[in-house]
Amino acid sequence: CLAWAAYHDSKSMTIPKIVPFTILGLALPFHVLRGAALATAGQSAWLLGSGSPLMGALDGILLAFAGLFTGLFLFLPLWFLKASGGGDVKLFAAVAAVLGPTLSVLLLMATMLVVVAWNGVAWLAKAKGSSLLSSPMGFAPPFLVAFVLLACWVHARDQRLTAATDHVAMSGERHAR
């Protein structure tokens with residue numbers, strides 16, 4: 001879905017409405033099922049702790065809505081300032097519903113870093129006389145790059161491929177993530 005949004009955004013500077021609504025439509029059942037499964041295994045999805053599968057499902061719903069509202073809170077000011085379009089707001093909010101509030105903030109920071117790098121390369125290319133990167137860029141292409149980078153980082157962290165930073169991980173004890 002994100003790759004399609006990035007392609008469409010790079011060509012027409014619009015994001016089809018079906019993309020964020022599809023992502024949001026998949027995020028809610030995913031978090032309900034994930035929360036129920038984690039609660040069954042004695043783990044917590046987010047805030048409510050481990051308990052019954054019903055509480056786990058509710059915890060998953062809370063995580064999805066917290067992410068959704070975090071995404072809206074972070075991106076609506078950019079829309080009001082005309083720095084992004086409505087499709088960008090919907091896309092970020094839908095992906096934030098998948099990621100939850102914490103990873104959504106990290107995704108926004110990563111996206112801004114990708115935009116800065118992208119614009120730096122475009123500026124250097126323009127200074128050298130190239131018109132390759134001179135056309136306007138939508139939000140979705142750098143968003144996709146940042147999402148992939150964040151997904152790789154989360155995967156590496158979850159697989160313990162990055163350095164251990166907390167005392168539990170350093171001691172080698174197993175704990176719920």
Side-chain angles (χ1 to χ4, degrees), residues 1-35 45-47 58-158 162:
C1 283
L2 283 181
W4 183 37
Y7 174 77
H8 204 275
D9 199 21
S10 68
K11 295 294 182 193
S12 65
M13 297 292 289
T14 60
I15 297 171
K17 287 180 174 54
I18 189 74
V19 174
F21 291 121
T22 300
I23 294 170
L24 187 59
L26 294 171
L28 293 175
F30 167 77
H31 281 298
V32 167
L33 294 173
R34 178 180 174 269
W46 191 41
L47 292 176
L58 179 61
D59 202 17
I61 291 172
L62 290 175
L63 177 63
F65 277 106
L68 176 72
F69 290 125
T70 299
L72 287 172
F73 176 76
L74 291 172
F75 236 78
L76 274 177
L78 296 174
W79 182 69
F80 285 129
L81 295 171
K82 304 287 187 229
S84 71
D88 301 332
V89 175
K90 289 181 280 198
L91 181 65
F92 189 82
V95 172
V98 173
L99 297 177
T102 304
L103 288 176
S104 298
V105 172
L106 291 175
L107 181 60
L108 180 61
M109 291 189 302
T111 302
M112 294 304 152
L113 288 174
V114 171
V115 167
V116 167
W118 198 301
N119 285 333
V121 169
W123 181 78
L124 288 173
K126 186 178 179 182
K128 293 193 180 251
S130 173
S131 63
L132 180 65
L133 300 172
S134 62
S135 63
M137 175 187 58
F139 166 75
F143 180 65
L144 174 63
V145 171
F147 181 84
V148 169
L149 292 173
L150 183 66
C152 290
W153 176 75
V154 168
H155 176 71
R157 182 198 64 191
D158 288 351
T162 59

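For clarity, every value in this text was computed on a predicted model and none was experimentally measured.
Using a 4.5 Å cut-off on side-chain heavy atoms (C-beta onward), Leu107 and Phe143 make contact. Between Leu68 and Phe65 there is a side-chain heavy-atom pair separated by less than 4.5 Å.
Residues Ala146 and Ala110 approach most closely at CB-C, 3.7 Å, considering heavy atoms. Counting all heavy atoms, side chain and backbone alike, Ser104 lies closest to Leu99 at OG-CB, 4.1 Å. Across all their heavy atoms, Ala45 and Asp59 have their closest contact at N-OD2, 3.4 Å. Residues Ala5 and Val19 share a closest heavy-atom pair of CB-CG1, 3.8 Å. In terms of heavy atoms, Gly25 sits closest to Pro29 at O-CD, 3.0 Å.
Remark: Leu28 CG to Ile23 CD1 distance equals 12.5 Å, nearest 0.5 Å. Distance check, rounded to the nearest 0.5 Å: NZ of Lys126 to CG of Asn119 gives 11.5 Å. Rounding to the nearest 0.5 angstrom, the gap separating the OG1 atom in Thr111 from the CH2 atom in Trp118 is 11.5 Å.
Applying the ring pair (Phe, Tyr, Trp, His ring centres under 6.0 Å) test to pairs two or more places apart or on separate chains, none has a residue in residues 10-29.
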Could you give the side-chain donor-acceptor pairs of residues 70-97 under 3.5 Å, partners two or more places apart or in another chain?
| from | atom 1 | to | atom 2 | distance (Å) |
| --- | --- | --- | --- | --- |
| Thr70 | OG1 | Ala66 | O | 2.7 |
| Asp88 | OD2 | Gly85 | N | 3.0 |

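Atom CD1 of Ile18 sits in a sparse spot, with 12 or fewer heavy atoms from other residues, nucleotides or ligands closer than 6.0 Å.
Under the side chain to side chain contact (heavy atoms under 4.5 Å, CB included) rule, Trp46 has a single partner from Leu58, Ile61, Leu63, Thr102, which is Leu63.
In terms of modelled atom types and a separation under 3.5 Å, the side chain of Asp9 and the main chain of Ile15 share no donor-acceptor contact.
Taking Thr14 as the reference, His8, Ser12 meet the side-chain contact (heavy atoms from CB on, under 4.5 Å) condition, with sequence neighbours excluded.
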